[in-house]
Amino acid sequence: SLMRTAAKRFDPARVIALVTGDGNDNEGRTTFPQCIEEALKNDWHVELHSWRRSMNRVYVAFAEQYPTHFSFHILDSSLAVVAGWA
């Protein structure tokens, strides 16, 4: 699972790239924010790709708390390409 992998340390550090904005509590089950924070605590680099309107605020907090290991990338300007309109 993502959580088991995120809990491991690797040398050199690894990168997790996720395309999601979901930050919901997931009714008691493991959430993306929990997995991401576990990875960040274990020196992973995390790239999050999301639409601006669907990105949970928890990810902005991660970018502030882990500025060298967490980055988010807004997909809005890529909509035409993703949708096949370009």
Side-chain angles (χ1 to χ4, degrees):
S1 78
L2 178 58
M3 183 60 107
R4 280 194 300 259
T5 302
K8 297 178 183 177
R9 285 187 176 265
F10 294 93
D11 188 23
R14 304 278 173 99
V15 176
I16 295 174
L18 295 170
V19 181
T20 185
D22 181 15
N24 297 332
D25 67 13
N26 209 15
E27 299 177 8
R29 294 174 293 190
T30 304
T31 66
F32 282 121
Q34 289 170 328
C35 293
I36 290 169
E37 188 158 36
E38 186 68 23
L40 291 167
K41 288 178 180 178
N42 283 294
D43 208 33
W44 288 71
H45 293 268
V46 179
E47 298 174 1
L48 182 87
H49 302 265
S50 179
W51 305 112
R52 181 175 303 281
R53 292 187 68 187
S54 66
M55 189 176 76
N56 191 289
R57 291 185 312 256
V58 69
Y59 301 119
V60 174
F62 284 159
E64 292 169 357
Q65 188 174 359
Y66 301 95
T68 62
H69 283 71
F70 183 84
S71 60
F72 63 84
H73 309 274
I74 302 301
L75 295 171
D76 295 25
S77 63
S78 303
L79 177 60
V81 174
V82 173
W85 302 332

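The figures here come from the full heavy-atom set of this structure, side chains too, leaving out hydrogens, waters and symmetry mates.
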- Message: When you compare the side chain of Ile36 with that of Tyr59, does any pair of heavy atoms fall below 4.5 Å?
- Response: yes
- Message: With heavy-atom distances below 4.5 Å as the criterion, would you say the side chains of Val60 and Met55 are in contact?
- Response: yes
Under the side chain to side chain contact (heavy atoms under 4.5 Å, CB included) test, which residues partner [X], sequence neighbours left out?
X     : answer
Lys41 : Glu37, Tyr66
Arg57 : none
Ala63 : Phe70, Phe72

- Any pair counted as ring-ring contact (aromatic ring centres under 6.0 Å, His included), so long as it reaches residues 1-30, sequence neighbours left out: Phe10-Trp44
- Query: Any ring-ring contact (aromatic ring centres under 6.0 Å, His included) pairs touching residues 18-43, not counting sequence neighbours?
  - Reply: none
Please set out all donor-acceptor pairs under 3.5 angstrom arising from side-chain atoms of residues 11-27, sequence neighbours excluded.
| from | atom 1 | to | atom 2 | distance (Å) |
| --- | --- | --- | --- | --- |
| Thr20 | OG1 | Asp22 | N | 3.0 |
| Asp22 | OD1 | Asn24 | N | 2.9 |
| Asp22 | OD1 | Asn24 | ND2 | 3.2 |
| Asp25 | OD1 | Glu27 | N | 3.1 |
| Asn26 | OD1 | Arg29 | NH2 | 3.4 |
| Asn26 | ND2 | Thr30 | O | 2.8 |

Just jot down the side-chain hydrogen bond (donor to acceptor under 3.5 Å, both in side chains) partners of [X], sequence neighbours excluded, or say none.
X     : answer
Thr31 : Gln34
His73 : Ser71
His45 : none

- Counting N and O atoms only, with roles assigned by atom type, does the side chain of Thr5 sit under 3.5 Å from a partner on the main chain of Ser1, one being a donor and the other an acceptor? yes
Output side-chain donor-acceptor pairs under 3.5 Å for residues 74-86, partner residues at least two apart or in another chain, one line each.
| from | atom 1 | to | atom 2 | distance (Å) |
| --- | --- | --- | --- | --- |
| Asp76 | OD1 | Arg52 | N | 2.9 |

- Between Asn42 and Lys8, the two heavy atoms sitting closest are CB-O, 3.7 Å
